[in-house]
Amino acid sequence: MGTVSDAEKKPAVIFVLGGPGSGKGTQCANIVEHFGYTHLSAGDLLRAEIKSGSENGTMIQNMIKEGKIVPSEVTIKLLQKAMQESGNDKFLIDGFPRNEENRAAFEAVTKIEPAFVLFFNCPEEEMERRILSRNQGREDDNIETIRKRFNVFLESSLPVVEYYDSKGKVRKIDAAKSVEEVFEAVKAIFTPKEEKVAV
Ligand SMILES: Nc1ncnc2c1ncn2[C@@H]1O[C@H](COP(=O)(O)OP(=O)(O)O)[C@@H](O)[C@H]1O
Ligand SMILES: Nc1ccn([C@@H]2O[C@H](COP(=O)(O)OP(=O)(O)O)[C@@H](O)[C@H]2O)c(=O)n1
Ligand SMILES: [Mg+2]
């Protein structure tokens, strides 16, 4: 505990960001299959926390319904627990950090810097279409909440992407294409250069 060897064992983290409906979850599932990462969706962890009947459940549910961002203390605890339980040492953290508070708190608490940020760039009309046909029974996938989530994305989440961009850490993907085409672009980022076949 707290030794140098612990510091050496810091897990590899990739933040997967993009607006609601940009395809983060879909592409993370593909990356898991091909590259052995563990996928941790902050939204999925928060929804599981509601279902578990936790004391924070009602607060989380209300915030999700309003498209607001849950205090990072709650979300980071869930992420840390899932990381420990996974037994893996490489993670796709999907939908987090969603604002500056998420970002700064994660860094302060875990001391982990992401290897890079995978950013799915998609026009709002396309994201809206996708969410409205997602059919996962989510309480926030209605037009009223979607509009609020888009505003939060523009005002709070994009600045986080810009912060990492200023550090040269953003790998931006055109997410408006088909699932297959987007995954081709994703694969190019995850495949080490020496393994790429020259053409
Ligand atoms: N490239 C794509 N083209 C069309 N539909 C997509 C694409 N990627 C994902 N979808 C669909 O759009 C919806 C939102 O995708 P999802 O992966 O849940 O996005 P996010 O996690 O960013 O909100 C899902 O119903 C998914 O099947
Ligand atoms: N870091 C995060 C991620 C999600 N959330 C909440 O969970 C909701 C759904 O997040 P999600 O990542 O599952 O949504 P999508 O971008 O996948 O559509 C967000 O709108 C927030 O209310 C949060 O509070 N903090
Ligand atoms: Mg998602």
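Just so we're clear, the structure is a prediction, and the values are computed from it rather than from any experiment. Just so you know, ligand 1 is whichever comes first in the structure, and atom 1 is the first atom listed for that ligand. The basis for the numbers below is simple: all heavy atoms, side chains too, and nothing from hydrogens, waters or symmetry mates.
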Region of S178 engaging ligand 1 - heavy atom pairs below 4.0 Å: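 Looking at S178 and ligand 1, just backbone atoms fall under 4.0 Å.
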Mode of K177 contact toward ligand 1 - side chain, backbone, both, neither (heavy atoms, under 4.0 Å):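 Within the 4.0 Å criterion, K177 contacts ligand 1 through backbone atoms alone.
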Can you tell me the protein heavy atom closest to [atom] and the distance?
atom	value
atom 5 (N) of ligand 2	L46 CD1, 3.4 Å
atom 18 (O) of ligand 1	R134 NH1, 2.9 Å
atom 9 (C) of ligand 2	R138 NH2, 3.4 Å
atom 17 (O) of ligand 1	T26 OG1, 2.5 Å

Can you find an N/O atom of [X] closer than 3.5 Å to an N/O atom of ligand 1?
X	result
I131	no
V182	no
D94	no

Check: D140/T145 side-chain N/O donor and acceptor closer than 3.5 Å: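 T145 and D140 do not have a side-chain donor-acceptor pair below 3.5 Å.
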Residues Q61 and T58: side-chain donor-acceptor under 3.5 angstrom: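 Short answer, no.
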Flag [X] as yes when one of its N or O atoms lies below 3.5 Å from any N or O atom of ligand 2, and as no otherwise.
X	answer
V70	yes
G95	yes
D140	no
R149	yes
D94	no

Under 4.0 Å from any heavy atom of [X], which atoms of ligand 2 are there?
X	answer
N102	1 (N)
I64	6 (C), 7 (O), 22 (O)
R47	9 (C), 13 (O)
I69	24 (O), 25 (N)

Flag, side chain of S54 to backbone of I50, donor-acceptor distance under 3.5 Å: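 No; judged by distance alone, with no hydrogens or angles, the pair does not exist.
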Sole candidate of L46, L79, D94, I93 that passes side-chain contact (heavy atoms from CB on, under 4.5 Å) when paired with S41: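 For S41, the side-chain contact (heavy atoms from CB on, under 4.5 Å) check succeeds only for D94.
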Test side-chain contact (heavy atoms from CB on, under 4.5 Å) applied to F119 and L158, I173, V160, the passing residue: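 Exactly one option meets the side-chain contact (heavy atoms from CB on, under 4.5 Å) with F119, and it is L158.
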Min heavy-atom dist G19 to ligand 1 below 4.0 Å: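 Contact present.
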Nearest candidate to atom 22 (O) of ligand 2, where distance is taken over non-hydrogen atoms, out of Q136, K68, M63: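 Checking each option, the heavy atom nearest atom 22 (O) of ligand 2 is found in K68.
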Proximity winner for atom 11 (P) of ligand 2, if only heavy atoms of R134, R98, Q61, K24 are counted: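 Comparing heavy atoms across R134, R98, Q61, K24, the nearest one to atom 11 (P) of ligand 2 lies in R98.
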Single-linkage hydrophobic cluster V109~L45, side-chain heavy atoms < 4.5 angstrom: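 Yes; L45 is reachable from V109 via cluster members.
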Minimal non-hydrogen separation, L40 against A82, with atom names: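 Minimum heavy-atom contact is CD2-CB, 3.6 Å.
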Ring centroid separation F183 to F190 under 6.0 Å: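 Judged by ring-centre distance (under 6.0 Å), F183 and F190 do not meet the cut-off.
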